[in-house]
Amino acid sequence: MSPPPLPRAFFERSPLDVAPDLIGTLLCRRTPDGELLAVQIVETEAYLGPQDRASHARAGSTARTAPMFGAAGHAYVYRLYGMHWAFNVVARTPEQAAGAVLVRAGLPVAGAERQRARRGRPHDAEARLASGPGRLCQALAITGADSGRDLTGSASLWIEAGPGGTRGDLLVGPRVNVGYAEAWAALPYRFGLAGSPALSRPFAGPTPIDPAESIPGGHHPR
DNA sequence: TGATTGATGTACT
DNA sequence: GTACATCAATCAC
């Protein structure tokens, strides 16, 4: 028995609320041959709508970014640097034009050996198999064919609550490799599970923070 | 019609 | 620490 997929309402909130709440949840994949692959999500980034200079939504809706402008709880998958895939969940309120949460890293919790085989690196530690947006997609066999998929009603790709319901201490910092986004590059829209060995890279600055505290940096658009 | 640019990962020094 | 693979989207003519 496993818990049901996270419901639509979970994703019908600001990406700034959904991104930290996804830390500790399970991203699950049922392959065509029936095998279960899953990771515990340990790192996410929030991307807002067209006003966010770091978001692909900044150019408005295109064939690629259309899922971000559609219903919350769907996948947005795109090709990165011409050779990797990156997986997002659409997160937005009815008032927000677009929004998404990039899943940057996870720790394998089911089908680890199959994930290692998919990565093609037999000697990599488990914590390394999905410790980056491209690695995570390769380990879980996520491709552009999954873009637009409804994660709340799919038998092949979904997100469910993590075991125990404990999220652990959160790390917060600026998003990775968005230096072109001017003032938006410095905002603390990246979230990580403190102490996880599967983070894609370290968080700088004072860590961890108390999850109960508000996000540092003042007032943010939600 | 052509040039630039990335929400990266790997190999190598 | 640096080099580089590789391509759709976007932007500059």
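Order of the sequence lines fixes the chain letters, A, B, ..., with proteins taken first and strands second; residue numbering starts at 1 for each chain.
- A/Arg53 comes within contact range of no nucleotide atom at all, as no heavy-atom separation falls under 4.0 Å.
- Residues from residues 120-137 of chain A with heavy atoms under 4.0 angstrom of DNA chain B, sorted by number: A/Arg121, A/Arg128, A/Gly132, A/Pro133, A/Gly134, A/Arg135.
- In this structure, A/Ala59 reaches the sugar-phosphate backbone alone: every heavy-atom distance under 4.0 Å involves primed, P, OP1 or OP2 atoms, never a base.
- A donor-acceptor pair is defined here as one N or O able to donate and one able to accept, closer than 3.5 Å; such a pair exists between the side chain of A/Arg116 and the backbone of A/Asp124.
- Heavy-atom distances under 4.0 Å link DNA chain B to no residue of residues 140-149 of chain A.
- Between the side chain of A/Thr152 and the backbone N or O of A/Leu6, no donor-acceptor pair lies under 3.5 Å.
- With salt bridges taken as basic N to acidic carboxylate O contacts below 4.0 Å, none links A/Glu12 and A/Arg92.
- Nearest heavy-atom pair across A/Gln96 and A/Pro15 is OE1-CD, 3.8 Å.
- Side-chain contact between A/Leu151 and A/Leu157 is present, with heavy atoms from C-beta onward closer than 4.5 Å.
- If you check every strand for non-hydrogen atoms under 4.0 Å, A/Thr62 touches sugar and phosphate atoms only.
- Within residues 104-117 of chain A, the residues having any heavy atom closer than 4.0 Å to DNA chain B are, in order of number, A/Arg104.
- In this structure, A/Arg175 is positioned above the aromatic face of A/Tyr47, its NZ or CZ under 6.0 Å from the six-membered ring centre and within 45° of the axis.
- Not a single donor-acceptor pair under 3.5 Å links the side chain of A/Ser154 to the backbone N or O of A/Trp158.
- The shortest side-chain heavy-atom distance between A/Val178 and A/Arg53 does not fall under the 4.5 Å cut-off.
- Spacing of C1' atoms, B/dT10 relative to C/dA8, comes out at 22 Å, to the nearest Å.
- Between atom OG of residue A/Ser61 and atom NE2 of residue A/His56 there is a gap of 13.5 Å, rounded to the nearest 0.5 Å.
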Taking Watson-Crick and G-U wobble pairs with both distances under 3.5 Å, convert DNA chain B into its dot-bracket string, 5' to 3', dots for unpaired and | for cross-strand pairs.
||||||.|||||.

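- Contact annotation for A/Arg64: backbone-only contact, meaning every heavy-atom pair under 4.0 Å involves sugar-phosphate atoms and none involves a base.
- For DNA chain C, the span of nucleotides reached by chain A at under 4.0 Å from its heavy atoms goes, 5' to 3', from C/dA5 to C/dT10.
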For A/Trp184 and A/Glu182, run side-chain hydrogen bond (donor to acceptor under 3.5 Å, both in side chains): C-alpha distance rounded to whole Å, both residues' side-chain angles, the deciding distance at 0.1 Å, then the answer.
CA-CA 5 Å; A/Trp184 289 84; A/Glu182 302 163 9; over 6 Å; no

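- The backbone N or O of A/Ser200 lies less than 3.5 Å from no partner atom in the side chain of A/Ser131, so there is not a single donor-acceptor pair.
- Inter-residue side-chain proximity for A/Val176 and A/Arg190 is flagged as met; some heavy-atom pair is nearer than 4.5 Å.
- Chain A approaches DNA chain B within less than 4.0 angstrom (heavy atoms of the protein), and the contacting nucleotides run 5' to 3' from B/dG6 to B/dA11.
- No donor-acceptor pair under 3.5 Å is formed between the side chain of A/Gln40 and the backbone N or O of A/Pro163.
- Among the protein residues, A/Ala54 comes within range of the nucleic acid bases, having at least one heavy atom under 4.0 Å from a base atom.
- Checked by atom type and distance alone, the side chain of A/Arg114 never pairs as donor or acceptor with a backbone atom of A/Leu37 at under 3.5 Å.
- Judged purely by atom type and a 3.5 angstrom limit, A/His74 uses its side chain to pair as donor or acceptor with the backbone of A/Gly148.
- Judged by distance alone, the side chain of A/Arg58 and the main-chain N or O of A/Asp52 form no donor-acceptor pair under 3.5 Å.
- For the pair A/Arg13 and A/Phe10, the cation-pi criterion (under 6.0 Å, within 45° of the ring axis) is fulfilled.
- When heavy atoms are screened at a 4.0 angstrom cut-off, A/Leu80 is found touching the sugar-phosphate backbone but no base atom.
- Judged by distance alone, the side chain of A/Arg119 and the main-chain N or O of A/Leu136 form no donor-acceptor pair under 3.5 Å.
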